[in-house]
Amino acid sequence: MQFIPNEQGFFEIRLESIGGQGAYSAGQMLAEVGVSGSALHAICFADYGSEKKGAPVKTFIRFASNTMTIRNYSPVEFPQVVVVFHEQLFMTQPVTNGLDPEGILIVNTPKTPQQIKDEFNPDVKTIVTVDGISIAMGYKTKSNTAVLGAIFKVLEFLNPEYIEKSIEKMFGYKYPHLVGPNIDTFKDGMSQAQIAEFEVSTTQSRQTIETPFGYETQLLGGVIEGANSFKKNLSASREGYLPEWIESKCIHCSNCDNVCPDYCFVWEEGTDARGREAMFLKGIDYNYCKGCLKCVQVCPTSALVDMVETQGYAEAHRFEKSFPYLGGKK
Ligand code: SF4
Ligand code: SF4
């Protein structure tokens, strides 16, 4: 896609991600390369919501020709390009809201563009997929630079030769050992991205999905669902790894529970071998697990080990937490 500005003179991109995936860093590099390599004006800013790994983050990049000063810092509502950093976000966020049907949807997923079309039916002409997590695992990096590679593959006005400098600037000072692997991650993302084109609806209208609750319609009292991350599915923030629990090795010491930032461990009251009351670990609710693996580090008996996440494992092995005070369920 070439640099074709909208009616306001901007070319706008929205990155849909989960805190910790590095989307904001990717947005900064994208804007920087637009300025240094294509002589455009650019801004990049983000809407973080709650400052927490695992919370939804939107990053906005706005390009304009270098004869125009960008004074618009409002969120990008009608982007030409949307980039989804994990397909799980389709379940929880209206990620394609406002996307131009003639635009591009880029998804970080092992699936093909056709599979994304079949599953989520986005009304957009071009769908691009890249398996950023697998690429990043190979180089021990994050998938954000692989996703950047996919973006550069389809946005022809961005010059990929300038990305190396930008990656060096981003990582060189604090993490110089990550510069080379991130450049390789970028190159693999660019070469492995799959592109497909589809028919769009004849009306060419942009999709918008209204959220059911806003400040005027929110229910009063209690925990406000949809406005906090307490019950949110955080699986999209994992970067390819999960803790696996081996029940036979567990001594129910609760070390894992003490370090888990998202209360993923599910316990039940019971009696021990001597008939005393005790709490027993029943499993992990993977819906809330962001794969930080802190629990694996503190487990004294290796009852928790890290594993590469395979499709469907978390759903099949999830021990569901109950929230008795939220839904009356015990
Ligand atoms: S830290 Fe290990 S042994 Fe202790 S409760 Fe957790 S899984 Fe079981
Ligand atoms: S990896 Fe372990 S500590 Fe980290 S969120 Fe998942 S269950 Fe909790």
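Atoms within a ligand are numbered from 1 in the order they appear, just like the ligands themselves. Heavy-atom basis, side chains included; hydrogens, waters and symmetry copies ignored. Please read all numbers here as calculations on a predicted model, not as lab measurements.
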When clusters are formed by joining ILVMFWY residues with side-chain heavy atoms under 4.5 Å apart, either directly or through shared neighbours, do M170 and V179 land in the same one? yes
At less than 4.0 angstrom from any non-hydrogen atom of T301, what atoms of ligand 1 do you find? 3 (S)
From C299, does some N, O or S atom reach closer than 2.8 Å to atom 8 (Fe) of ligand 1? no
Could you tell me, atom by atom, which parts of ligand 2 come under 4.0 Å of a heavy atom of K290? 5 (S)
With the threshold set at 4.0 Å, does a side-chain nitrogen-carboxylate oxygen contact exist between E199 and K117? no
Hey, what's the ring geometry for F11 with F157, parallel, tilted or perpendicular (30° and 60° as the breaks)? perpendicular
Could you tell me, atom by atom, which parts of ligand 1 come under 4.0 Å of a heavy atom of W245? 7 (S)
Heavy-atom closest pair, residues V130 and A150: CG1-CB, 3.8 Å
Show me which atoms of ligand 1 lie under 4.0 Å from any heavy atom of H252. 5 (S), 8 (Fe)
Assign the ring pair H317 / Y313 to parallel, tilted or perpendicular, where the plane angle (0 to 90°) is split at 30° and 60°. parallel
Apart from I70 itself, what residues make up its hydrophobic cluster, given side-chain heavy atom links below 4.5 Å? F10, I43, F45, F60, M68, Y73, V76
N182 and Y175: side chain donor to acceptor below 3.5 Å: no
Are a donor atom and an acceptor atom from the side chains of Q80 and E12 found within less than 3.5 Å of each other? no
Return the residue, atom name and 0.1 Å-rounded distance of the protein heavy atom closest to atom 4 (Fe) of ligand 1. C253 SG, 2.3 Å
Looking at N255, which atoms of ligand 1 are within less than 4.0 Å of one of its heavy atoms? 1 (S)
I need the nearest protein heavy-atom contact for atom 8 (Fe) of ligand 1: residue, atom name and distance, please. C250 SG, 2.3 Å
How many protein atoms of type N/O/S are positioned less than 2.8 Å from atom 2 (Fe) of ligand 2? 1
Distance, nearest 0.5 Å, that separates OG of S166 from CD1 of I183: 10.0 Å
Looking only at heavy atoms, what is the nearest atom pair of P243 and C295, with distance? CB-SG, 3.7 Å
